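The shown structure was predicted, so the numbers you read here are calculated from the model rather than taken from an experiment. Letters A, B, ... are given to chains in the order of the sequence lines, protein chains preceding strands, and every chain is numbered from 1.
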Amino acid sequence: SAVISQKPSRDICQRGTSLTIQCQVDSQVTMMFWYRQQPGQSLTLIATANQGSEATYESGFVIDKFPISRPNLTFSTLTVSNMSPEDSSIYLCSVTGGYGYTFGSGTRLTVV
Amino acid sequence: GQQVMQIPQYQHVQEGEDFTTYCNSSTTLSNIQWYKQRPGGHPVFLIQLVKSGEVKKQKRLTFQFGEAKKNSSLHITATQTTDVGTYFCAGGMDSSYKLIFGSGTRLLVRP
C-alpha cells in the first residue's frame, strides 16, 4: 500500500491566519481525499482532489475556506483559510489503490 | 443525506472477553470497510467486504456484511490489551470511491 508523508504534524495558529497542509505520496494516485476529524469524533470528508481538475467539495465545505491544490499525481495541499477556533481539528489526507484507504499521519491544528 | 451509524459508542471489557460493534447505513452500500485508530494515531485499514452476506476472518476478528448490504459487524474474540482503540466502519457509496465513516466504537480493555 502507499506511504503518505503529511506535514506539519501539528501547529498552533492565530485566528484570521491560514495554514497549508501538505501530503506527499510515494506512488502516483488518481484521487486524494481530505478529511477532518474533530477530537473524539468520526472522520468527515472535506473534498476529493483529482490531478488537473478542480477539487470536489462535500456539503458544508467551500473552496474559499479550504482551497486545495493537486499539481501532480503524488502531491496535494489543503489550506485552512481565515481560521477561527472552530477550525481546531485533525486534518488527514488519504489515498486508495482500490482496496482500502491509506491515511497520512494527520495534522493537529489548534486555533487560538 | 447518507449516514452510517455505529453502536455502541464505547465498550469497556475485561481482557479475554468478546467485543462486537455494529454498523448500519441508511442506504445500500457498494462495500463496507473497517478501520482501527489507536489513541493519537490515524485510521489503519483492516478489511473490505463487498458481497452480500460476506464473512471474513482475521485471526480473532470476524467481519460480516449484511444480506441487504446496509449493515455490518466486527466481532473480536478474547480481547487483548493490544485491541484498544476506536473501530470505524466506512461505507463505500456507488462507484465514486467516496467513503462515509461511521461514528466509531471506542474499545477499552482492562488487563
Side-chain angles (χ1 to χ4, degrees), chain A residues 1-10 21 23 25 29-51 53 55-61 70 73 76 78 89-110, chain B residues 1-10 21 23-26 29-51 54 56 58 61 63 65 72 74 85-108:
Chain A
S1 59
V3 176
I4 303 175
S5 174
Q6 182 173 345
K7 57 183 181 182
S9 59
R10 60 179 62 230
I21 302 166
C23 276
V25 189
V29 291
T30 304
M31 289 181 285
M32 291 182 73
F33 304 89
W34 287 96
Y35 284 87
R36 182 172 73 184
Q37 185 176 30
Q38 294 178 316
Q41 302 297 313
S42 185
L43 286 81
T44 301
L45 182 63
I46 298 171
T48 303
N50 294 317
Q51 193 267 336
S53 64
T56 303
Y57 288 82
E58 297 301 307
S59 177
F61 298 96
R70 186 80 203 276
L73 291 173
S76 180
L78 170 77
S89 192
I90 298 171
Y91 293 84
L92 300 117
C93 60
S94 176
V95 301
T96 182
Y99 185 74
Y101 286 66
T102 300
F103 284 84
S105 52
T107 297
R108 183 179 294 270
L109 170 63
T110 302
Chain B
Q2 296 156 331
Q3 285 190 320
V4 178
M5 304 304 294
Q6 205 173 335
I7 57 170
Q9 187 176 6
Y10 298 98
T21 173
C23 184
N24 200 55
S25 170
S26 58
L29 303 170
S30 61
N31 67 84
I32 190 86
Q33 301 180 26
W34 286 90
Y35 292 80
K36 178 182 179 181
Q37 186 173 26
R38 293 182 184 274
H42 57 276
V44 174
F45 174 71
L46 295 176
I47 207 160
Q48 177 174 304
L49 304 171
V50 178
K51 299 176 183 176
E54 189 170 12
K56 287 187 176 180
Q58 288 180 349
L61 278 61
F63 305 84
F65 199 10
S72 181
L74 158 60
T86 300
Y87 292 84
F88 291 99
C89 63
M93 307 288 175
D94 53 67
S95 59
S96 68
Y97 286 100
K98 259 175 36 174
L99 281 185
I100 305 299
F101 276 78
S103 43
T105 296
R106 183 177 175 192
L107 173 63
L108 302 171

Would you call A:Y99 and B:I47 a side-chain contact if the rule is heavy atoms closer than 4.5 Å?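 Yes. Closest side-chain heavy atoms under 4.5 Å.
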Side chains of B:H42 and A:Q6, heavy atoms from C-beta outward: is any pair under 4.5 Å?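 Answer no - side chains too far apart.
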Go through the atoms of [X] and report whether side chain, backbone, both or neither lie under 4.5 Å from a heavy atom of chain B.
{"X": "A:S105", "answer": "both"}
{"X": "A:Q41", "answer": "backbone"}
{"X": "A:L43", "answer": "both"}
{"X": "A:F33", "answer": "side chain"}

Any sub-3.5 Å donor-acceptor pair from A:Y101's side-chain atoms to B:P43's backbone N or O?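 No, because the side chain of A:Y101 does not come within donor-acceptor range (under 3.5 Å) of the backbone of B:P43.
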Under the 3.5 angstrom rule, does the side chain of A:S42 hit a backbone N or O of B:G102 as a donor-acceptor pair?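 Yes.
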Taking atom [atom1] of [X] and atom [atom2] of [Y], what is their separation to the nearest 0.5 Å?
{"X": "A:T44", "Y": "B:I100", "atom1": "OG1", "atom2": "CD1", "answer": "9.0 Å"}
{"X": "A:Y35", "Y": "B:F101", "atom1": "OH", "atom2": "CZ", "answer": "5.0 Å"}
{"X": "A:I90", "Y": "B:Q37", "atom1": "CD1", "atom2": "CD", "answer": "7.0 Å"}

Is [X] in contact with chain A via its backbone, its side chain, both, or neither, using a 4.5 Å heavy-atom distance?
{"X": "B:Q9", "answer": "neither"}
{"X": "B:L99", "answer": "both"}
{"X": "B:Q48", "answer": "both"}

Of all of A:G104, A:G106, A:S59, which one pairs up most often with chain B through heavy atoms under 4.5 Å apart?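 Top count of heavy-atom pairs under 4.5 Å with chain B: A:G104.
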